[in-house]
Every structure is written in structure tokens, then in C-alpha cells.
Asker: 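Can you read through this structure? Questions will come right after.
Excluded from the calculations below are hydrogen atoms, water molecules and symmetry mates; all remaining heavy atoms, backbone and side chain alike, are included. Here is how names work: the chains are called A, B, and so on, in the same order as the sequence lines, proteins then strands, and each is numbered from 1.
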Amino acid sequence: MADLSTPYRTHTCGELRPTHAGSAARLSGWVHRRRDHGHLIFLDLRDRHGLTQVVVDEEEAPDAHAVASRVRSEYVVMASGTVAPRDADKVNPRLATGEVELRATDISVLAESKTPPFYINEPDAPIDEPLRLKYRYLDIRREPMLRRLLLRDRLVQAIRDVHHANGFVEIETPDLIKSTPEGARDFIVPSRLQPGSVYALPQSPQQLKQLLMVAGVDRYFQIARCFRDEDLRGDRQPEFTQLDLEMSFVDEATVMAFVEAMAIEVTRATVPERPIRETPFPRLTFGEATERYGTDKPDVRFGMELVDIGPALGGGAGEPSGFRVFDETLAAGERVKAIVAPGMASASRRETDELTEAARRHGAKGLAHLAVEGPGDVRGPIVKFLRADALRGIIERTRAEAGDLVLIVADRTDVANEVLGRLRTELGARLGLAKPDELAYCWVHRFPMYQWDAENGRWDATHNPFSGVVPEDEPLLVTASGDPATPSPADPAGRARAMQFDLALNGWEIGGGSIRINRVDLLRQSFALQGYSLDRMRNLFGAMLEAFEYGAPPHGGIALGIDRWAAVLADQPTIREVMAFPKTQSGSDLMLDAPAPPDPAQFAELGLRTVGVPDRATRD
RNA sequence: GGACCCGUGGUGUAGCGGCCCAACAUGCCAGCCUGUCACGCUGGAGAUCGCCGGUUCGAAUCCGGUCGGGUCCGCCA
């Protein structure tokens with residue numbers, strides 16, 4: 001360790017113990033709290049390491065006492081004196097340093113402070129978030145925020161350790177790159193040297209890391225800043241951080257195995273007190289995930305899975321169930337699915353109305369419910385329509401028990417899954433079904449390669465456009481017509497599955513990866529299906545396409561959202577809580593007051609002027 | 001682009017047509033206090049209720065707009 005001793009302090013505010021008793025010490029920190037007893041003043045001195053009580057006795061140190069009596073909250077103070085053990089009845093068990101105190105002989109004010117706009121010394125006090133963001137440097141002085149940034153530091157540190165221990169090389173890639181059309185809107189940066197041209201900020205280092213594979217780097221990782229100009233959410237900021245990694249000469253199993261082992265080790269190093277629910281991580285195909293949980297990022301801490309009750313209703317083929325909505329849905333080839341809300345049979349009319357309203361908001365035409373009062377005693381508005389055996393069949397298939405509420409959606413498969421998936425998430429939270437400490441990782445893989453973009457009449461990559469196809473599905477990468485220029489929703493390509501894998505944690509999507517296409521012919525074929533002409537491909541991905549002519553090794557990797565990962569590990573509802581300086585939903589930095597109108601001189605230099613924006617968008 | 005919620009002394013809340021030129025807690029200021037640790041006691045200052053407009057005899061309270069913040073939809077491979 002370097003020698004970091006300074007004139008300002010001999011110890012931190014979290015360091016002194018009874019073993020230091022009798023020795024001289026000097027502390028510097030912020031005044032956390034002052035307790036003035038007239039001739040005796042107590043100062044709690046705080047730094048990021050802890051809190052130490054400083055005692056100033058007017059008889060012992062009149063000068064120090066005079067200084068202490070004019071000191072206020074958040075003043076930066078240096079206190080020198082002797083470490084003294086406290087009498088047994090004066091020990092403060094809530095402080096790590098509570099068995100000792102510093103008897104000050106000398107106190108000096110290093111900096112005064114205005115009264116802060118909110119409490120820094122009361123960790124539980126609620127504060128309006130905009131205020132916290134404006135004074136983020138004060139917010140970070142508060143213990144909860146500091147604790148979360150320290151957790152994030154442990155996370156990133158553990159990530160670096162594990163990667164280096166496994167032969168990965170951390171390489172930085174540029175932030176001024178070229179715009180590519182896939183995915184989100186780019187942030188662009190005008191070029192001064194080439195007026196009229198722009199750089200784009202990377203949405204992720206995707207192409208660059210693949211080029212590093214072509215370069216032979218073999219195992220790369222980076223804690224990379226990424227930028228996407230889309231609307232914000234609790235789990236989305238315009239700039240965010242990814243753990244980006246890529247490996248050569250690997251298959252799907254190798255990448256997933258490494259990421260899984262890495263995630264476990266990193267989790268244990270970061271939050272050793274939180275149990276990981278299941279290892280190896282459960283693996284669900286995309287189809288299973290959506291059928292059973294109604295989402296591709298399931299929270300597998302609790303069951304309450306979606307159940308297909310079609311078969312209990314005659315499946316549209318046999319005897320009709322008696323309830324016309326169900327029978328017509330099944331006859332149309334659509335689905336009737338259900339979830340069981342445990343203990344909610346006694347839900348009030350108001351509660352069931354709210355659930356129905358939520359279902360409608362999420363796109364369902366309605367929501368049927370059955371309250372299981374006891375064995376054979378089922379109540380609800382649709383009971384009178386249902387044949388007895390259909391009703392019995394529903395209870396059997398859903399395994400609903402006395403006291404449970406069965407919620408049923410009859411709709412297209414995607415609607416039924418999505419609606420019930422959302423209800424499951426909401427009810428799981430409301431009913432407290434998940435153990436709050438538990439960390440439930442799970443893999444979702446075998447995504448469809450493409451989804452049909454009805455608006456543009458073409459196939460769109462479901463995830464990364466460079467993702468490879470599952471080998472046995474390679475023949476499916478064609479259109480029905482045989483010409484990639486005339487795609488249709490019935491093309492075999494729609495059935496092709498990607499070597500794509502997402503990592504979910506407690507219902508958050510924290511990462512997505514794949515084995516990439518490393519053959520130029522397949523890459524071209526895949527892009528052609530997505531409606532890219534050869535010229536457009538060259539313009540957009542020229543470097544990649546050319547590089548792949550020079551021997552691209554088989555490779556694959558993943559990107560994990562560090563902010564989301566940290567938020568879940570820190571048990572926080574938004575990623576803002578684990579970012580030092582986040583932006584508001586409208587993309588403002590309330591502390592720096594960004595974005596701000598441009599300086600016209602800067603604009604002129606770049607050959608730019610604003611058009612069609614309000615007056616306030618220009619600065620004098 | 002859309003839906004919904006929030007905006008009252010420094011902070012967090014209460015008040016939701018007249019009882020409010022606004023209450024409570026805490027913070028702040030002053031005085032007192034030698035063992036506190038959310039110290040205590042006494043006293044004091046501090047908000048025209050985000051902003052603009054309207055309804056009304058009367059608006060913190062109702063309505064419209066606007067600004068700011070949040071949740072969600074769209075968007076985000």
C-alpha cells in the first residue's frame with residue numbers, strides 16, 4: 001500500500017477502537033450532528049468510513065470548545081486529541097467506534113457549510129427525488145446512497161477479477177463511432193473537422209468486439225458505457241453501463257457456462273448475504289417462458305404459472321363448455337389460459353374490477369374469475385354458464401384450492417400470455433409471493449431468429465442481427481418465394497431459432513448474448529432477409545463484412561446491464577438508485593442543468609443552426 | 001406522441017370550498033444546560049399552498065392550461 005498519511009488525519013472516522021485508547025489521533029470529516037451541553041459539546045464526525053464521537057470539554061480545551069460551539073451541521077472539521085475509552089454505561093453499541101471517543105484538544109474548521117436542503121443524517125427520511133438529483137453530491141453523503149455505490153463498486157471489481165482470472169483482456173473501444181440502423185435511435189455528435197458529418201455514440205460495442213475477435217483477441221471484456229436515445233424508464237437511462245464480453249472458439253454451452261459461473265462468483269462476492277435460489281440456473285426456451293410465465297424475463301422466485309385450460313373446455317372440438325366467450329375463442333383457434341391467485345377468493349368486487357381493468361389496459365378483452373370457496377364450491381359471474389365438468393376441469397388443471405381465485409383470459413396466444421404474465425407479476429408483488437432476499441437467475445434461450453415487421457413488410461432480427469441460427473434450422477433461412485427480396489409472414493425463416501440467450505434475474509432482463517454468425521455467406525443471407533440490399537449492407541457494416549473475409553473465428557458473447565444488475569442486487573426499484581448522477585424521465589440532469597441550449601458560436605463552427613425549435617433553445 | 005399520479009414554510013406531511021393571512025414533526029436562529037449519542041428545556045423566525053387563467057360573494061381546496069417530477073403504453077435488436 002502506498003503511504004497515504006496526511007496532516008489532516010491519522011485515522012478515518014470508522015477506525016478507532018479500544019486498542020487505540022491513550023494514543024493521540026486526528027480526524028477530519030463532516031459534522032454529522034452536534035450535541036451542545038453548554039460546557040460540554042459532542043460532535044459526531046463523519047466520513048465515508050464511519051462516525052466517531054468527539055468530546056470537547058470547556059475546562060480541558062477552552063479554545064477548541066469555542067470553535068465547537070460555532071460549528072454547524074456539515075461543516076468540515078479537523079479534530080485532534082486523545083483516544084479515550086468510554087465507561088461501560090456510555091458505550092454506544094450502534095456505532096462501530098462506539099467504545100471510544102476522541103477527547104479533543106484542538107478543533108479547526110476546514111470549511112463551513114450552508115444548512116443542507118435535506119437531512120443528511122437521517123437515512124430513512126423520505127426526500128423528493130428531484131431534490132436528491134439536484135443536490136446529488138449531498139445525497140451521496142447519505143448512508144443509503146453511499147452503500148449502494150459501494151455495492152456497485154464491489155460488483156464491478158468482482159467482474160474484473162473473475163474475467164482476469166479466466167484469461168479475459170479488458171480493451172476499451174471508442175465512443176465516437178459510426179451510426180448503424182439497427183435497434184435504438186443513436187445519439188449523434190457533429191464533426192468539426194468534417195462539417196456536415198456526424199459520429200454516433202455506441203448503443204453497445206457490438207461490432208467492435210466482434211472485430212476484436214477477428215483480430216484474435218480471443219477473450220475480451222469491457223465495462224462499457226452505452227448510449228441510446230430512447231424514452232426513459234425506471235430501468236432505462238440514455239447512458240448506461242454494460243459488461244460486454246466476447247469469446248472465440250466457443251459454442252453456446254461454453255459461453256453460457258462461463259457467464260453462469262461468473263455471475264455466481266460475482267454475486268457471492270458482491271452480496272454474500274443474499275441466497276441464489278437455484279444453480280445451475282434454470283433454462284427455459286423462449287416458448288416455455290412465454291407459455292408458463294407470459295414473459296421472456298420471468299421472475300422464477302414464485303410459481304403461479306400460466307395454465308392452458310383449453311383442454312378442460314373441450315378444446316374447441318369436443319363438447320362446448322357452455323360459456324360462449326370461451327367456446328368462441330377456442331373455435332377461432334385462440335387460447336383460454338389461467339393463473340391462480342392464492343388466497344384471493346375473498347377478493348371484493350372492487351378488487352376483481354381492478355384486476356379486470358388492469359387486464360384490459362394490457363390488451364385483454366376481459367378477465368373472468370372464479371373464487372374457490374371450498375371443495376366443489378366455486379363462485380363467480382361465469383359459473384352459471386359453465387357445464388359442471390368444464391368447471392371441474394378448470395379447477396383440476398389449475399390445481400386451485402379452497403381460498404384461491406382463478407383468473408382467466410380468453411384471447412390470442414400472445415395477448416393471453418402477456419396479460420396473464422403482467423397480472424402474475426403484479427399479484428406476485430402484491431401477495432408477497434417471492435422471498436425478498438432471494439436471487440433467482442434464469443436463462444431464456446432459443447428465441448425466434450426473426451419477427452415479422454408488418455409495417456415494413458420484412459423480417460426483423462429479434463435480438464442481435466449478427467446472432468447465429470441454431471444449426472439444424474439453417475435450411476429455414478429462406479423465403480417461401482425463394483427470393484429474399486420478397487419476404488412474407490409465412491416464410492420458413494419465421495420458424496428459425498437463434499443461438500440467442502438472455503439472462504433474467506428476479507423478473508429483470510439483465511443480459512442478452514448469442515453465438516454470432518462468422519461466415520460471410522450466412523451473414524449476407526441473414527441481412528438480405530432483413531431487407532438490406534448489398535449496397536446498404538456495405539455502407540452500414542462495411543468493416544464487419546470485409547473483416548469477415550479475412551478469417552473470422554467462431555465466436556459468441558453476451559452483454560449484461562450493470563445498472564440493472566446492481567439495482568436488483570441492491571434491492572432497488574430503479575437503476576437511478578445505483579447510479580451516481582442519473583437523469584430524469586425527460587433526460588435532464590437536474591444538477592448540471594443539462595441539456596442546455598447550444599452556444600451559437602459552437603454551432604457555427606460545426607456548420608449547424610437550429611430550425612423549428614422554441615426560442616429558449618438558443619443561448620445568447 | 002398518449003394515459004394516469006404527484007407538486008403546501010428548508011425538509012417530510014396534514015388540511016381538499018368559508019372554521020386556514022394555513023396545522024404538525026423535524027430542521028434553522030437565540031438563550032440555558034458537564035455525559036449526550038434522534039440530548040433536553042425555553043423562546044423566536046420561516047409558506048400569498050409550482051405558475052397562469054377561470055368558476056364563485058369567497059379558492060391551498062373546484063375547473064382549464066402550463067411547468068417540473070414519477071409510473072405505464074408507444075419506443076427501447
Side-chain angles (χ1 to χ4, degrees), chain A residues 32-46 51-60 65 69-70 72-74 84 86-87 89-95 97-98 101 103 114-135 138 180-186 203-204 206 226-238 240 296 357-358 360-363 418 422 426 447-451 453 459-467 498 500 502 509 512-514 526 530 559 561 573-574 576 583-588 590 593 616:
Chain A
H32 191 67
R33 219 181 270 282
R34 184 179 68 123
R35 290 176 296 280
D36 187 344
H37 290 239
H39 297 286
L40 191 68
I41 298 173
F42 297 95
L43 298 179
D44 290 339
L45 215 55
R46 182 196 71 236
L51 214 60
T52 303
Q53 174 166 283
V54 177
V55 198
V56 195
D57 188 319
E58 190 173 27
E59 268 179 33
E60 288 175 24
H65 184 273
S69 54
R70 75 172 184 87
R72 293 293 180 268
S73 284
E74 300 306 314
R86 297 199 201 180
D87 296 342
D89 60 324
K90 288 167 188 134
V91 164
N92 184 348
R94 289 161 57 193
L95 282 186
T97 61
E101 60 196 10
R103 298 202 69 90
K114 296 190 354 186
T115 300
F118 51 80
Y119 309 103
I120 289 168
N121 49 20
E122 287 184 23
D124 299 327
I127 309 164
D128 216 32
E129 197 177 354
L131 198 67
R132 292 175 56 203
L133 293 178
K134 179 171 181 190
Y135 298 97
L138 298 180
T180 51
E182 99 272 13
R185 211 173 278 120
D186 285 317
Q203 296 179 24
S204 79
Q206 184 63 38
C226 306
F227 306 86
R228 293 178 192 176
D229 188 6
E230 295 293 348
D231 286 7
L232 289 80
R233 288 284 192 281
D235 61 353
R236 274 162 33 192
Q237 285 269 312
F240 60 101
D296 60 1
E357 179 48 39
R360 290 223 173 89
R361 251 198 335 271
H362 297 141
E418 167 148 9
R422 285 175 179 276
E426 282 171 30
F447 284 76
M449 270 297 267
Y450 309 106
Q451 50 199 17
D453 176 353
W459 291 103
D460 233 2
T462 307
H463 278 75
N464 188 313
F466 304 104
S467 290
Q500 164 79 35
D502 278 10
E509 181 190 328
S514 67
S526 181
Q530 293 169 56
T574 78
R576 295 189 299 275
K583 293 173 178 56
T584 68
Q585 191 154 45
S586 55
S588 295
L590 296 179
D593 197 24
R616 63 190 181 82

Asker: Starting at atom CZ of Arg236(A), determine the distance to atom P of C72(B), rounded to an integer number of angstrom.
Answerer: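 Between P of C72(B) and CZ of Arg236(A): 9 Å.
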Asker: Please report, rounded to the nearest Å, how far the P atom of C75(B) is from the CG atom of Asp231(A).
Answerer: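 Distance check: Asp231(A) CG to C75(B) P gives 11 Å.
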Asker: Can you tell me the distance, in whole Å, between the CD atom of Glu357(A) and the P atom of C73(B)?
Answerer: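 It works out to 15 Å between those atoms.
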Asker: For Ser514(A), answer base if it contacts any base atom (sugar-phosphate contacts may also be present), sugar-phosphate if it contacts only those atoms, and nothing otherwise; contact means non-hydrogen atoms under 4.0 Å.
Answerer: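 No contact.
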Asker: Inspect the contact between Arg72(A) and Glu74(A) and indicate whether a charged nitrogen and a carboxylate oxygen are less than 4.0 angstrom apart.
Answerer: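 Looking at Arg72(A) together with Glu74(A), the answer is no, because their closest N to O distance does not fall below 4.0 Å.
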Asker: Say you pick atom C1' in G44(B) and the same atom in G35(B); how far apart are they, in whole Å?
Answerer: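 28 Å, rounded to whole Å.
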Asker: Rounded to the nearest 0.5 Å, what's the gap from CG on Asn121(A) to CZ on Arg34(A)? Could you check?
Answerer: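 Reported value, rounded in 0.5 Å steps: 13.0 Å.
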Asker: In terms of side-chain geometry, is the basic nitrogen of Glu60(A) or Arg103(A) positioned less than 4.0 Å from the acidic oxygen of its partner?
Answerer: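 The answer is yes: the pair qualifies as a salt bridge.
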Asker: Using both distances under 3.5 Å as the test, list the Watson-Crick or G-U wobble partner of G31(B), or none.
Answerer: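 Its partner is C41(B) (Watson-Crick or G-U wobble, both distances under 3.5 Å).
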Asker: Determine which nucleotide pairs with A3(B), using a 3.5 Å limit on both distances of a Watson-Crick or G-U wobble pair.
Answerer: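 Partner of A3(B): U71(B).
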Asker: Is Arg422(A) salt-bridged to Glu426(A), cutoff N-O under 4.0 Å?
Answerer: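 Judged by the 4.0 Å cut-off on N to carboxylate O distance, Arg422(A) and Glu426(A) do not form a salt bridge.
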Asker: Determine the interatomic distance between P on G12(B) and the same-named atom on G7(B); round to the nearest Å.
Answerer: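 12 Å, rounded to whole Å.
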Asker: List for me each residue that meets side chain to side chain contact (heavy atoms under 4.5 Å, CB included) alongside Ser526(A), sequence neighbours excluded, and say none if there are none.
Answerer: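 Ser526(A) satisfies side chain to side chain contact (heavy atoms under 4.5 Å, CB included) with Met449(A), Tyr450(A), Ile517(A), Gln530(A) only.
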Asker: So that I can tick it off, tell me whether Asp44(A) and Arg35(A) are bridged by a salt bridge, with the cut-off set at under 4.0 angstrom between side-chain N and carboxylate O.
Answerer: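 Looking at Arg35(A) and Asp44(A), the cut-off is met.
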Asker: Expressed in whole Å, how much space separates the C1' atoms belonging to U55(B) and G10(B)?
Answerer: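 The answer is 35 Å between these two C1' atoms.
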Asker: Can you tell me how far the OG atom of Ser73(A) sits from the CZ atom of Arg46(A), to the nearest 0.5 Å?
Answerer: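 Ser73(A) OG to Arg46(A) CZ: 9.0 Å, rounded to 0.5 Å.
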Asker: For nucleotides C21(B) and U8(B), find the distance between their C1' atoms and express it as a whole number of Å.
Answerer: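 The answer is 14 Å between these two C1' atoms.
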Asker: OP1 or OP2 of G69(B) sitting under 4.0 Å from any side-chain N/O of Thr584(A)?
Answerer: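 Result: yes.
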Asker: Starting at atom CG of Leu590(A), determine the distance to atom C1' of C67(B), rounded to an integer number of angstrom.
Answerer: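 Going from CG in Leu590(A) over to C1' in C67(B) covers 13 Å.
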Asker: Which part of the nucleic acid, if any, lies within contact of Arg132(A), taking any heavy atom under 4.0 Å across all strands shown: a base, the sugar-phosphate backbone alone, or nothing?
Answerer: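 No contact.
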Asker: Is the distance from OP1 or OP2 of G68(B) to the nearest side-chain N or O of Ser588(A) less than 4.0 Å?
Answerer: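 Looking at the OP1 and OP2 atoms of G68(B), neither is under 4.0 Å from any side-chain N or O of Ser588(A).
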Asker: Does a distance-only test, which skips hydrogens and angles, find a donor-acceptor pair under 3.5 Å between the side chain of Arg233(A) and the base of G74(B)?
Answerer: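 Pair found.
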Asker: Would you indicate what Gly234(A) reaches in the nucleic acid, counting non-hydrogen atoms under 4.0 angstrom: base, sugar-phosphate, or nothing?
Answerer: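 Touches sugar-phosphate only.
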Asker: Distances under 3.5 Å only, N/O to N/O: pair up the protein atoms with those of nucleotides 7-11 of chain B.
Answerer:
from	atom 1	to	atom 2	distance (Å)
G10(B)	O2'	Pro117(A)	O	3.1
G10(B)	N2	Tyr119(A)	OH	2.9
U11(B)	O4'	Pro117(A)	O	3.4
U11(B)	O2	Tyr119(A)	OH	3.0

Asker: Start with the C-alpha distance between Gln53(A) and Asn92(A), add both sets of side-chain angles, then the distance that settles side-chain hydrogen bond (donor to acceptor under 3.5 Å, both in side chains), and finish with yes or no.
Answerer: CA-CA 10 Å; Gln53(A) 174 166 283; Asn92(A) 184 348; over 6 Å; no
Asker: Please give the nucleotide sitting opposite G17(B) as a Watson-Crick or G-U wobble pair, both distances under 3.5 Å, or none.
Answerer: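 Base-paired to nothing in any strand shown.
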Asker: May I ask you to say what Ser73(A) touches in the nucleic acid, namely base, sugar-phosphate or nothing, with a heavy-atom cut-off under 4.0 Å?
Answerer: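 Sugar-phosphate contact only - Ser73(A) comes under 4.0 Å of backbone atoms but never of a base.
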Asker: With a 3.5 Å limit on both atom pairs, tell me what G12(B) is paired to, counting Watson-Crick and G-U wobble, or say none.
Answerer: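 The answer is C24(B), by the H-bond criterion.
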Asker: Do NZ/NE/NH1/NH2 and the carboxylate oxygens of Glu101(A) and Lys90(A) come within less than 4.0 Å?
Answerer: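 So Glu101(A) does not pair with Lys90(A) through a salt bridge.
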Asker: Is a donor-acceptor pair below 3.5 Å formed from side chain Arg228(A) to base C76(B), judging by atom type as modelled?
Answerer: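 When only heavy-atom distances are counted, Arg228(A) does not reach the base of C76(B) through any donor-acceptor pair under 3.5 Å.
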Asker: Between C4(B) atom P and Gln585(A) atom CD, what is the distance in whole Å?
Answerer: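 Going from CD in Gln585(A) over to P in C4(B) covers 15 Å.
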Asker: For nucleotides 33-39 of chain B, give me one character per nucleotide, 5' to 3': B if any protein heavy atom sits under 4.0 Å from the base, S if the only such contacts are to the sugar-phosphate, - if neither.
Answerer: BBBBBSB
Asker: Rounded to the nearest Å, what distance is computed from the CD1 atom of residue Ile41(A) to the P atom of nucleotide G40(B)?
Answerer: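 So the CD1-P distance, Ile41(A) to G40(B), works out to 16 Å.
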Asker: Could you state the CD-C1' distance from Glu426(A) to C73(B), rounded to the nearest angstrom?
Answerer: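 Rounded to the whole Å, the gap is 13 Å.
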